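Counting begins at 1 with the first residue of the sequence. None of these values were measured; they are calculated from a predicted model.
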Amino acid sequence: MPYFCYIVECADGSFYTGWTLDPARREQQHNAGTGATYTRLHRPVHLVYIEEVSDRSAAMKREVAIKRMDHTRKQSLIRKAEGNHPLNTHPTPTLTVLSPARVNLLGEHVDYNEGLVLPAAIDRYVTIKASPSSDQTISLHALDLKASCQFSLDSLEQKKDIEGADLPVWAQYPAGVAWVFMNHGLEIRGVDVEYFSTIPMGSGLSSSAAVEVGFAVMWQALAGWKLDRLTLAQFCQEAENRYVGVNCGLMDQFACANGVKDHAVLLDTRTLESTPVPLPEDAAIVIADSGVRRVLSDSSYNERRSDCETAVRLVKPGYPGIRSLRDVTPTQLDASKDLLPAVVYKRARHVVTEVARVQEALGRLQNNDARGFGELMLETHASLRDDYEVSTPELDALVEIAMELPGCLGARLTGAGFGGCTVNLVQNRNVPGFIRKLKKSYLARTGKKAEVFACHATQGAIVK
């Protein structure tokens, strides 16, 4: 039975060494957070070195020897063995891209009303390892899904794989990015790609946008053409709208592409101007995944968009300068209440008050007022629950439990709603206890397990 010593490279560039019977499975365990304490805190990782040894004793001795090497000697060892390890079934990657998740801290369901949003890129990633191919073929290996797909750049319009079958939905996100870039006259190369994610799928943390932005950055690096990050995000949004068929706004792709370390980024969805905003120094972002996958149907989403448009149409005669709900003040909305159906009024009230909350939040963040910002988060959750009606019992339970725990300054659902995650602002010293108690209380109240983890605001997608 063969044994292997291995090295994985962590997200911060450090190395972790171990031994195993199955290096590929071990890499997956590290990325799932079950491999080792060190790698759980420095995910994602990717396998960069494998050395076969004769038995368990030899594996343990060789592990110790490699761990004693300094970083430079480990790099030299990896370079010498590059391309020769026994599990190298795909071409050696020529580049690696890290594309982050995003969490929206404030400004929910206002992007399609030309409002202000306040997202942050966070340190959960889609990791893409890519090698250019010699032809027009795109070979995708989605390790999380244990699925592969091949298609030609020549067949993007037909959405067919290399054997003529329909492209699976997961493959349409990178295919759509290639399609949009080619339509804009940009060179796209054939490529062999392995990728995996530490972003919970369907949780409202924008795993699809992270994939789109990651592939866009990958092709930009391979081809060498220049594109500013705002345009890159817009092209990724176009891919999701026109190719995949999801009518999303720009916020998700923008945040994944333009994140700033230790900052949220204020985006004006009307003018597309953006400004980094420092996050509180004494508080951490904690994400709680309810375990309930989002079930926001197209009809529910479209109904809410339609209600917002109806509100504008009915309020506009009294205030001719109004173009969208972004322009309506709380006073104007109250004065127009009798003109609006009850449901339309509620939907509009959420949007109007949410835009005001984001504007108020800027001052509080600039003053490092974590507690004041947390109060606005809680107000947003109540508005999403009562006026926009996109919460669930599980999300409400997470928020209610969180606000009873020491050190929690604010909590709310994040993303479209109807499942997914909450985002919490927690004083740094209370984070470990907060995570432990929230998991325990949520399980006791709902019978469901929540994945709860602290994260940090990070920079947008990068080539390593």
Side-chain angles (χ1 to χ4, degrees), residues 1-99 123-131 139-148 191-201 214 432 435 449 451 453-455 462-464:
M1 178 182 297
Y3 286 75
F4 301 95
C5 282
Y6 67 90
I7 301 174
V8 294
E9 184 177 6
C10 300
D12 61 356
S14 61
F15 294 130
Y16 175 86
T17 304
W19 67 269
T20 183
L21 296 172
D22 187 342
R25 181 170 178 270
R26 192 64 176 150
E27 180 187 37
Q28 293 177 352
Q29 290 173 334
H30 284 302
N31 280 311
T34 58
T37 300
Y38 184 83
T39 55
R40 185 169 65 249
L41 298 175
H42 296 81
R43 293 179 289 174
V45 308
H46 67 277
L47 200 59
V48 294
Y49 178 79
I50 302 175
E51 177 181 329
E52 185 173 350
V53 294
S54 57
D55 54 38
R56 184 173 183 270
S57 176
M60 296 174 69
K61 290 178 181 178
R62 183 57 176 157
E63 176 191 18
V64 172
I66 294 174
K67 284 184 173 179
R68 287 175 176 168
M69 296 179 183
D70 61 24
H71 192 82
T72 301
R73 288 184 64 196
K74 290 176 184 176
Q75 288 178 316
S76 177
L77 182 69
I78 292 165
R79 282 195 296 268
K80 288 179 182 178
E82 199 170 40
N84 296 322
H85 64 70
L87 294 182
N88 190 21
T89 57
H90 300 298
T92 302
T94 58
L95 63 84
T96 299
V97 174
L98 294 181
S99 187
D123 52 354
R124 285 289 180 109
Y125 298 96
V126 171
T127 301
I128 297 171
K129 298 186 283 186
S131 296
S139 297
L140 302 178
H141 311 282
L143 302 183
D144 301 73
L145 302 177
K146 298 180 180 178
S148 296
V191 67
D192 189 297
V193 183
E194 288 185 342
Y195 63 107
F196 59 88
S197 175
T198 56
I199 308 170
M201 293 180 64
I435 291 175
K449 292 184 178 180
E451 181 184 2
F453 56 90
C455 59
I462 59 167
V463 178
K464 290 189 61 182

Heavy-atom side-chain contact between W19 and R56 under 4.5 Å |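 Of all side-chain heavy-atom pairs linking R56 with W19, at least one is under 4.5 Å.
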So do E51 and I7 actually touch side chain to side chain, heavy atoms under 4.5 Å?
->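 Side chain of I7 against side chain of E51, heavy atoms only: no contact under 4.5 Å found.
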So, taking the atom named [atom1] in [X] and the one named [atom2] in [Y], what distance separates them when rounded to the nearest 0.5 Å?
X    : Y    : atom1 : atom2 : value
Q28  : L47  : CD    : CG    : 10.5 Å
I66  : R73  : CD1   : CZ    : 10.0 Å
E9   : Q75  : CD    : CD    : 8.0 Å
T127 : N31  : OG1   : CG    : 6.5 Å
D144 : F196 : CG    : CZ    : 8.0 Å
S54  : R62  : OG    : CZ    : 12.5 Å

Looking only at heavy atoms, which two atoms of [X] and [Y] are closest? And how far apart?
X    : Y    : answer
L98  : A11  : CD1-O, 4.1 Å
V191 : S131 : CG2-O, 3.1 Å
T17  : E63  : O-OE2, 3.5 Å
G214 : S99  : N-OG, 3.4 Å
R26  : G35  : NH2-O, 2.8 Å
H30  : V45  : CB-CG2, 3.7 Å

Answer yes or no: does atom NZ of K464 have more than 12 heavy-atom neighbours from other residues, nucleotides or ligands under 6.0 Å?
->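 Buried by this count: over 12 neighbours within 6.0 Å.
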Does atom NZ of K67 have more than 12 heavy-atom neighbours from other groups under 6.0 Å away?
->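 It does: K67 NZ has more than 12 such atoms within range.
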Does [X] reach the main-chain N or O of [Y] with its side chain, forming a donor-acceptor pair under 3.5 Å?
X    : Y    : answer
D123 : C455 : no
T34  : Q29  : yes
T94  : A130 : yes
R68  : A65  : no

Under 30°, 30 to 60°, or over 60°: which ring-plane class applies to Y6 and Y16, parallel, tilted or perpendicular?
->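 Ring orientation, 0 to 90° scale: tilted.
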Short N-O contact, E451 and R124, less than 4.0 angstrom =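 Salt bridge: yes.
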